[in-house]
Amino acid sequence: ARGPPRPRHASPAPFGPRGGARPPGPFPRNTAPSPGQIPKNSAAARGGGAAAAPPQAGNRADVPAPGSYPHSRQSKPRQESEEEEVEKRNKKPRTRTEPRTKNRKKSGSSIVTVEDDEAEGTQEKAAAPKHKEIEIQFAQEAAQEAAVATAETLEEFKPSEAVLGFLAGKYLYPLAHKSSKFPRARWFCRLCEYHCDNLAKCREHYLDTRHSRLSRTKEVETTLYHLPRPNKHHLDCLNSLLATVEKEQGLSTSDLNIRQAVAQSVHSLLQEHIQGCTVRLYGSSLSGFGLKFANVNLDLQITADQKPHLALLKALEVLHDSPEYLEVADEFTAKIPTIKFMTTTGLACELSLNNHQAYQTSSLLKDYWSLDPRVRTVGVAFRYWASVVRMDRQAEGTLPPHTFAILLVYFLQQQTKPVLPCIHEYLDPSNEDVYISPVEGLAGWRTQNKMSPAELWIELFAFLSIGFKSVELVVSIKKSGMLTNEEKQWKTKRLAVEDPFSCKRNLCRSIQA
């Protein structure tokens, strides 16, 4: 007595939201028959009996809505519908712990296939028991090996293929020839370069903290090696981002001129009170590899007959009395004694004494900065990245800020087609302490490298992460070739960066573990 079921979709467009358009596709369109047309499921179409009477107007249950799905349930007998309802009622519902039966996956082509993900869940669940089984087998064979060694038989214990494969996954392999230095060793870890005598020692080794850390590092390197190359769309977006970072975060020409004017103002002020002194810019305010919020580094040069501490005290007094500078404070107990103050425009300044080598390095980096516009784009982005990840905080155990400019210059020198030359090759070897810009030599430099800033950015991180052997090599922009730790007589196995004008100084010595 319920009457015929209502159509599932009363809307003329059931594919989208209410009133949405019907998308094109092979779905059959169920419409009412036109006048004189015989429906396919009528008795006349089946060849038996008279044709059914046409539906009366207003009986929406008999005529499907235009554009709706063909509801096969309407054409089924009443008994079949009741049987289906009983089956559905008796069907066991899927619990939350059971995986979904279907998972849409995209194949290598443009076709979207539907696959069961029960196999994936089964594999994941089976992986843990399999790992436990191999560990149990490993422990049993280690005990058997120990028993054979205790019995002092001439036979050598040979582990199974499963154990060999398990140890190979831990970078442990059997020695083909005995080591003269470690005659009892039978295994060798290729990751740590460590010899092991037996299976028990192998287990101790691969559970060691150092081996686990190196193993994770190796996995990261393997992942980086297999990263896909960016396409043109990726590079265009990255080029746009790098240009935006340079514009918003980098020092423009006007910013550099303002900082130069601050140095000239301080120079004029102090020269009246400290005879023969000079004040000049150094650091990123001179080289250009800086950010808008970077401090203005000022170098106070005095004559040889003046005492440094008296000069600093006099400079502190003069700056404190000047109305042009605010918040003047001294940090004379720091490793490098400085005077900090602010300009009326909000620039933070630091004045230190006799930073000759820092000035030479900044002048060198300035010439590199001016040789190619890509150096400025990638250099500012690299400095900004270091600031975001807090890698340029030397006081906190990371790197000095100008180290990132040296790393970039070194990378651009080491390309197959170098983007930058080695300026030291243009300098006079007899006068290495003072940098005099080789203007004529640099004017003729032309690079054959046509890579975009985005490509150089990606290659920079690939070079520093997996391309550069920091255990063996030293970052040095003083020569176009490679420089090893042995040549420098540096025993460090970490990243080492040579100061261009203080060859014995490693800029990475401030890195804390």
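Any value given below was found using the heavy atoms of this structure, including those in side chains, with hydrogens, waters and symmetry copies removed. Keep in mind that this is a model prediction, so the values were computed, not measured.
- Between the side chains of Asn355 and Gln357, no donor N or O sits under 3.5 Å from an acceptor N or O.
- At a threshold of 4.0 Å, the pair Arg374-Asp372 counts as salt-bridged, since one of the basic side-chain nitrogens sits closer than that to a carboxylate oxygen.
- Here the CG-OG1 distance, from Leu316 to Thr338, works out to 10.5 Å after rounding to the nearest 0.5 Å.
- Phe501 is linked by a ring pair (Phe, Tyr, Trp, His ring centres under 6.0 Å) to His424, counting only residues two or more places apart in sequence or in another chain.
- Side chain to side chain, Gln301 and Thr278 fail the donor-acceptor criterion of an N or O pair below 3.5 Å.
- Between Ile302 and Cys277 the shortest heavy-atom distance is CG2-CB, 4.4 Å.
- A distance of 5.0 Å separates SG in Cys192 from CZ in Arg210, rounded to the nearest 0.5 Å.
- Here Asp236 pairs with Lys232 in a salt bridge; the nearest charged N to carboxylate O distance falls below 4.0 Å.
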One pair to check against side chain to side chain donor-acceptor pair (under 3.5 Å): Asn449 and Thr447. What are the steps and the verdict? CA-CA 5 Å; Asn449 192 310; Thr447 178; 5.5 Å; no
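- Look at Lys478 and Glu498 and you find no salt bridge, because none of the NZ, NE, NH1 or NH2 atoms lies under 4.0 Å from a carboxylate O.
- Heavy-atom contacts from other residues, nucleotides or ligands closer than 6.0 Å to OH of Tyr194 number 12 or fewer.
- Minimum interatomic distance between Phe411 and Leu460 (heavy atoms only, all atoms of both residues): CZ-N, 3.5 Å.
- Of all heavy-atom pairs between Ala263 and Leu281, the closest is CB-CG, 3.8 Å.
- Between Cys503 and Lys488 there is a side-chain heavy-atom pair separated by less than 4.5 Å.
- Residues Tyr359 and Leu286 form a side-chain contact, since some pair of their non-hydrogen atoms from C-beta on lies under 4.5 Å apart.
- More than 12 heavy atoms of other residues, nucleotides or ligands lie within 6.0 Å of NE2 in His356, so this atom counts as buried by the packing criterion.
- Ile336 CD1: 12 or fewer foreign heavy atoms inside a 6.0 Å radius.
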Candidate pair Ser215 and Ser212, rule side chain to side chain contact (heavy atoms under 4.5 Å, CB included), full reasoning: CA-CA 5 Å; Ser215 181; Ser212 301; 5.5 Å; no
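- Between atom NZ of residue Lys366 and atom OG1 of residue Thr361 there is a gap of 14.5 Å, rounded to the nearest 0.5 Å.
- Looking at Arg383 and Asp392, a side-chain N of the basic residue comes within less than 4.0 Å of a carboxylate O on the acidic one, giving a salt bridge.
- Taking the centre of each ring, Phe138 and Phe166 come in below the 6.0 Å mark.
- Under the 3.5 Å distance criterion, with hydrogens and angles disregarded, no donor-acceptor pair is assigned to the side chains of Thr344 and Glu324.
- Counting non-hydrogen atoms of other residues, nucleotides and ligands closer than 6.0 Å to NZ of Lys292 gives a total above 12.
- Aromatic ring pairs are classed by plane angle as parallel below 30°, tilted from 30° to 60° and perpendicular above 60°; the pair Phe289 and Trp369 is perpendicular.
- A donor atom on one side chain and an acceptor atom on the other are not found under 3.5 Å apart for Tyr368 and Ser287.
- Residue Arg376 qualifies as enclosed at atom CZ: its count of foreign heavy atoms under 6.0 Å is above 12.
- Leu326 contributes atom CG, which lies 10.5 Å from atom CZ of Phe341 (distance to the nearest 0.5 angstrom).
- Ring centroid separation for the pair His195 and Phe188 comes in under the 6.0 Å cut-off.
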Take Glu425 and Ser480 through the side chain to side chain donor-acceptor pair (under 3.5 Å) test and state the conclusion after the steps. CA-CA 8 Å; Glu425 295 179 354; Ser480 55; 2.9 Å; yes
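- Between the side chains of Glu350 and Asn295, at least one donor-acceptor pair of N or O atoms lies under 3.5 Å.
- In this structure, Arg184 places its CZ atom where only 12 or fewer heavy-atom neighbours from other residues, nucleotides or ligands lie under 6.0 Å away.
- Residues Pro421 and Tyr426 form a side-chain contact, since some pair of their non-hydrogen atoms from C-beta on lies under 4.5 Å apart.
- With contacts defined as side-chain heavy-atom distances shorter than 4.5 Å, the pair Tyr435/Ser437 qualifies.
- Counting only heavy atoms from C-beta outward, the side chains of Val296 and Leu298 approach each other to under 4.5 Å.
- The two residues Leu399 and Cys508 make their nearest non-hydrogen contact at CD2-SG, 3.6 Å.
- Within a 6.0 Å sphere centred on NZ of Lys479, heavy atoms belonging to other residues, nucleotides or ligands number more than 12.
- Here CH2 of Trp490 is found 11.5 Å from NZ of Lys504. Values are rounded to the nearest 0.5 Å.
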Check the pair Val266, Leu270 against side chain to side chain contact (heavy atoms under 4.5 Å, CB included), reporting the backbone distance first and the verdict last. CA-CA 6 Å; Val266 176; Leu270 295 183; 3.8 Å; yes
Could you walk me through whether Cys202 and Leu167 pass the side chain to side chain contact (heavy atoms under 4.5 Å, CB included) test, one step at a time? CA-CA 8 Å; Cys202 289; Leu167 289 176; 4.2 Å; yes
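- Separating the CG atom in Asn297 from the NE2 atom in His402 is a distance of 11.0 Å, to the nearest 0.5 Å.
- Looking at heavy atoms from C-beta onward, Asn198 lies out of side-chain contact with Arg186 at the 4.5 angstrom threshold.
- A ring-centre distance under 6.0 Å is found for Phe461 and Trp385.
- Aromatic rings from Phe468 and Phe463 are positioned such that their centres are separated by under 6.0 Å.
- Taking 4.5 Å as the limit, every side-chain heavy atom of Asp299 sits out of range of all side-chain heavy atoms of Val279.
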Show your working on side chain to side chain donor-acceptor pair (under 3.5 Å) between Ser452 and Glu455 and close with a plain yes or no. CA-CA 5 Å; Ser452 66; Glu455 292 173 307; 3.3 Å; yes
Would Glu317 and Lys314 count as a side chain to side chain contact (heavy atoms under 4.5 Å, CB included) if you check the C-alpha gap in whole Å, the side-chain angles of each, and the deciding distance to 0.1 Å? CA-CA 5 Å; Glu317 179 185 351; Lys314 188 63 177 178; 4.0 Å; yes
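- Within 6.0 Å of CD on Gln275 lie no more than 12 heavy atoms contributed by other residues, nucleotides or ligands.
- Val375 and Leu408 get closest at one heavy-atom pair: O-CD2, 3.9 Å.
- Across all their heavy atoms, Pro438 and Asp367 have their closest contact at CD-OD2, 4.5 Å.
- Here the side chains of Arg259 and Leu347 are in contact, with some heavy-atom distance below 4.5 Å.
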